[in-house]
Visitor: 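The structure that follows is given in the form of structure tokens.
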Amino acid sequence: MPILRVALDVPVNTLFDYLGPDTVVTEQDVGTRVRVPFGKHLMTGVIMEVATYSSIASPKLKPIAHIFRDVPPLPETLLDLFRFCSAYYHHPLGEVVMNGLPGRLRSSKPFVQQYRPILEYRLTGTGRAADPSVIPPRNIVKRRLLARLKETGSITIEEAKQLSQRAPGVLKEFASLWWVEERAEIESSAIAAANTSSPVPVLTPAQKNAVDEIVPTIKQFNTWLLHGVTGSGKTEVYLRLITLMLHQRRQTLVLVPEINLTPQLEAVFRARFPAIRLISLHSGLNPSERAGGWLQAQRGDAQIILGTRLAVFTPLPDLGLIIVDEEQDMSFKQQDGLRYSARDVAIFRARQTGVPVILGSATPSLETYYNAINGRYLRLQLPSRAVRNATLPLVRCIDTRIAKTEEGLSPPLISALETSLALNQQSLVFINRRGYAPVLLCRSCAWTAACQRCASRLVVHLREKKLRCHHCGHQERFPTNCPECGDQDIAPFGHGTQRVEEALSRRFPHARIMRIDRDSTRRKDAWQKMLEEIQGQRVDILIGTQILAKGHDFPNLSLVSVLNSDASLFSSDFRASERLFAQLMQVAGRAGRGGIPGQVLIQTEFPNHPLYQALCRHDYDSLAQTLLVERKLARFPPFIYQVLLWAEAPSIDLALAFLANAEGISAKPKHIEIFDPVPAQMPRLKGMERAYLLVQSSSRSKLQKFLGEWRTQLDALPDRKVRWALDVDPLEF
DNA sequence: AGCACGCCGACT
DNA sequence: GTCGGCGTGCTC
């Protein structure tokens with residue numbers, strides 16, 4: 001009997017051996033889902049290996065309960081991708097595999113697709129390997145059908161009917177054995193391929209250059225950095241390369257950040273390629289839709305796969321190109337479970353498949369930038385805006401030490417808003433703080449309202465008369481007097497979106513003002529409605545947080561102003577500057593996208609700070625160079641490789657004790673630095689206390705080797721009430 | 001992760 | 001004398 005080595009969703013880094021019925025299971029079944037008895041229950045897993053021998057004592061071995069023949073087996077290349085992730089992120093293989101499957105295929109029930117008329121049957125690998133002598137000699141129809149399939153590879157339902165009246169039934173039977181797969185479309189339907197509908201714009205010289213650079217080596221692995229200022233037309237470069245892929249009948253995987261931006265890009269793609277099967281995999285889909293799209297990708301029917309980080313694990317038999325848009329975006333990194341970076345996994349996948357990967361960004365992460373200037377990645381630049389007459393906005397700082405603010409607004413900003421209003425142009429006020437005020441303060445004893453479960457201040461939401469924790473969602477009533485000293489002189493301190501909205505409505509009573517943050521867009525479709533209002537010119541002043549920074553075109557927007565961004569200049573997080581710059585570049589990029597010249601005003605007490613200076617000059621490179629020098633001196637990434645060991649426990653002492661223990665048992669090899677355990681930046685979160693231990697090395701391979709050994713030791717450590725996890729290439733501390 | 005096994009404190 | 005606490009170890 002064959003031994004099946006099965007990946008299961010359990011936190012132990014091992015496969016589990018089962019007995020497989022030899023008549024049904026072959027080498028071809030690697031990648032097939034199975035139902036197996038595990039402890040008390042049945043679980044769904046994936047066959048990773050078929051072997052003849054098991055090191056497990058035979059009385060322990062159980063037979064599998066069921067083999068799923070509802071979808072094709074996962075291709076070996078995808079299993080290799082899972083193996084890589086498990087090894088690189090030091091995460092159990094079974095969890096990696098099951099995390100990569102759509103939920104619908106993880107469940108106990110077989111996947112039943114919505115009705116699609118079956119037009120064609122195609123022979124599978126299992127079918128090709130099937131021995132015709134197992135068919136009884138008198139079953140002529142079966143024999144003929146199998147012979148025919150082995151000859152031509154596929155058969156349409158019409159052709160089959162001509163062979164025999166009973167052929168469709170026999171094909172169904174073949175399908176249940178996984179000898180053939182059912183297809184709803186006939187192969188040739190892909191021919192409609194690259195006939196485009198929406199007008200194809202003329203490329204700018206820079207865009208043309210980028211395309212011309214990539215095309216000659218489009219069939220080999222390279223990591224390209226497409227470095228283009230906002231509005232420089234990176235999307236058009238993607239579209240040209242995708243067109244090429246469509247002509248070559250190859251699939252393109254497009255990864256986008258985790259924001260409601262997917263529909264927008266989807267619309268652009270659909271307009272350009274109306275006849276092409278595009279699937280988009282994002283959080284808004286129900287499980288069946290997701291599994292359906294995933295399956296279309298696996299069959300090679302979907303030619304463009306657009307999705308968030310999870311989509312990097314989609315099986316793609318004809319993959320020809322990977323695009324990672326806004327590669328610096330933090331949402332490509334998963335922060336729990338398997339802590340993978342979809343951008344980095346995409347690069348591995350491109351190398352594995354031998355296809356190019358394009359990282360697009362206006363403000364690349366320093367890791368990517370460093371790789372581009374040292375030649376590991378190939379850099380292409382789009383230095384100016386693509387729309388005719390659209391230029392980069394004029395960026396200026398307002399020194400609030402001189403121009404004193406009132407209600408958070410300085411006189412020059414007020415007059416700029418007035419001018420915009422008079423010209424009937426839109427303005428955007430960017431402030432990265434939701435709520436009315438970030439702190440509730442007692443003037444008499446300096447008490448501030450804090451969250452009981454998190455180490456954070458409660459944010460004042462005045463309209464709802466509530467105090468809210470933005471980390472865990474906890475809410476409480478607004479107190480009437482100070483719980484410490486009883487004084488009634490408690491007041492909101494600082495400014496959030498709601499307070500700025502209030503101040504602006506007082507200042508500009510006739511202006512149409514709209515606040516856009518997580519609170520105002522919570523309701524379903526609210527954001528879509530608001531976008532329509534903005535695009536229909538029914539709004540004068542927009543006030544909002546980061547959701548306004550990304551991706552949307554506001555053609556009539558001429559003024560962008562930034563409030564209260566100074567805090568990030570002096571953060572203890574060494575990546576804070578990089579992120580602030582990227583965010584401000586993005587929000588500044590909203591101004592002047594149409595024909596109107598744009599203006600950006602930044603209220604700051606540090607107008608001479610190099611970050612703002614670089615921003616005023618639109619000079620990413622000089623800031624990046626400055627930051628790289630700092631990083632090199634401080635021995636931070638990208639000059640060093642980091643790993644965190646996270647621990648979470650009911651008390652910080654337990655977490656720290658576990659980490660000290662972990663540090664103690666480590667082999668402490670040369671070239672590996674292990675730092676002492678420290679509490680996390682947000683030491684208490686949702687009632688749990690968190691700490692971490694930093695491990696770093698200038699050698700990635702030495703670090704990997706160390707982690708492999710350390711992990712085994714950590715597994716053996718008593719983890720009393722402590723949950724722990726390794727975070728390779730961490731972004732947050 | 002679940003779940004069983006197992007060894008020490010307050011209960012009908 | 002038992003019910004149940006959660007510490008430890010296993011699941012093919």
Side-chain angles (χ1 to χ4, degrees), chain A residues 1-22 24-27 29-68 73-74 79 82-83 85-86 89-103 105-108 334-340 645-651 653-662 664-665 686-690 711-727:
Chain A
M1 270 206 204
I3 300 296
L4 307 183
R5 314 210 65 220
V6 177
L8 292 171
D9 194 5
V10 286
V12 272
N13 194 18
T14 176
L15 298 175
F16 292 87
D17 292 1
Y18 288 88
L19 297 168
D22 49 2
V24 186
V25 180
T26 70
E27 203 58 49
D29 288 305
V30 167
T32 299
R33 279 144 55 247
V34 286
R35 211 69 194 134
V36 292
F38 187 76
K40 271 210 130 187
H41 299 281
L42 286 173
M43 283 186 100
T44 303
V46 173
I47 303 174
M48 298 299 286
E49 291 162 30
V50 177
T52 51
Y53 165 82
S54 171
S55 55
I56 301 296
S58 50
K60 274 189 173 182
L61 289 176
K62 297 178 186 172
I64 56 162
H66 179 67
I67 307 179
F68 288 105
L74 305 177
L79 300 183
F82 290 144
R83 290 186 190 107
C85 287
S86 170
Y89 293 106
H90 298 272
H91 198 83
L93 180 57
E95 287 192 345
V96 175
V97 171
M98 296 317 275
N99 168 61
L101 292 188
L105 298 181
R106 258 177 279 166
S107 73
S108 58
Q334 183 143 72
Q335 294 291 7
D336 51 63
L338 171 65
R339 295 171 180 243
Y340 68 103
L645 175 61
W646 282 103
E648 194 182 80
S651 87
D653 291 341
L654 273 172
L656 289 169
F658 170 83
L659 294 173
N661 214 345
I665 59 159
K686 299 176 188 177
M688 288 295 245
E689 312 225 316
R690 311 178 320 140
R711 218 219 113 95
T712 329
Q713 301 180 72
L714 291 175
D715 279 326
L717 220 56
D719 45 358
R720 304 144 51 75
K721 293 176 187 165
V722 179
R723 288 167 47 102
W724 61 270
L726 284 169
D727 188 352

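Numbers restart at 1 for each chain; the letters A, B, ... are given by sequence-line order, proteins then strands. Only this structure's heavy atoms are used, side chains among them; waters, hydrogens and symmetry mates stay out. Computed from a prediction, not measured in an experiment: that's the story for all the values here.
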Visitor: Does a side-chain N-to-carboxylate-O contact under 4.0 Å join A:Arg711 and A:Asp715?
Guide: yes
Visitor: What integer distance in Å separates A:Ile3:CD1 from C:dC12:P?
Guide: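 My rounded result for the distance is 14 Å.
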Visitor: Nearest whole Å is fine: how far is B:dA1 C1' from A:His41 NE2?
Guide: 11 Å
Visitor: Closer than 4.0 angstrom, basic N to acidic O: yes or no for A:Glu648 and A:Arg723?
Guide: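 Salt bridge flag = yes for A:Arg723 with A:Glu648.
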Visitor: Whole angstroms only, please: what is the CZ-P distance between A:Phe16 and C:dC12?
Guide: 8 Å
Visitor: Rounded to whole angstroms, how far apart are CG on A:Asp715 and C1' on C:dG9?
Guide: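 In whole Å, C:dG9 C1' lies 13 Å from A:Asp715 CG.
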Visitor: Can you name the one residue among A:Val12, A:Leu8, A:Asp9 that meets side chain to side chain contact (heavy atoms under 4.5 Å, CB included) with A:Glu95?
Guide: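 Only one option passes, and that is A:Asp9.
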Visitor: Establish, from distance only, whether the side-chain atoms of A:Arg106 and A:Thr44 form a donor-acceptor pair under 3.5 Å.
Guide: no
Visitor: Look at the side chain of A:Asp17 and decide which nucleotide, out of B:dC3, C:dG7, C:dC12, has an atom nearest to it.
Guide: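 Nearest nucleotide to the side chain: C:dC12.
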Visitor: Touch check for A:Leu61, heavy atoms < 4.0 angstrom, all strands: base, sugar-phosphate only, or nothing?
Guide: sugar-phosphate
Visitor: Over how many whole Å does the gap from A:Phe38 atom CZ to B:dA4 atom P extend?
Guide: 14 Å
Visitor: Among A:Ser58, A:Ser54, A:Ser55, which one satisfies side-chain hydrogen bond (donor to acceptor under 3.5 Å, both in side chains) with A:Asp17?
Guide: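 With A:Asp17 as partner, side-chain hydrogen bond (donor to acceptor under 3.5 Å, both in side chains) holds for just one option, A:Ser54.
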Visitor: Counting the atoms with a prime plus P, OP1 and OP2 as sugar-phosphate, which does A:Val12 contact under 4.0 Å by heavy atoms, base, sugar-phosphate, or nothing?
Guide: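 Result for A:Val12 = base.
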Visitor: Rounded to the Å, how far apart are A:Met1 CE and C:dC12 P?
Guide: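 Checked: the CE to P distance equals 17 Å.
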Visitor: Which part of the nucleic acid, if any, lies within contact of A:Tyr18, taking any heavy atom under 4.0 Å across all strands shown: a base, the sugar-phosphate backbone alone, or nothing?
Guide: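 Sugar-phosphate: the residue A:Tyr18, judged by heavy atoms under 4.0 Å, touches backbone atoms but no base.
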Visitor: Return the value, rounded to whole Å, for the distance between atom CG of A:Asp9 and atom P of C:dT11.
Guide: 19 Å
Visitor: Can you tell which of B:dA1, C:dT8, B:dC3 lies closest to the side chain of A:Lys40?
Guide: B:dC3
Visitor: Which nucleotide in the set C:dC12, C:dT8, C:dT11 lies at the smallest distance from any side-chain heavy atom of A:Pro718?
Guide: C:dT8
Visitor: Whole-Å distance between C:dC10 P and A:Ile56 CD1?
Guide: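 Spelled out: CD1 on A:Ile56 to P on C:dC10 is 12 Å.
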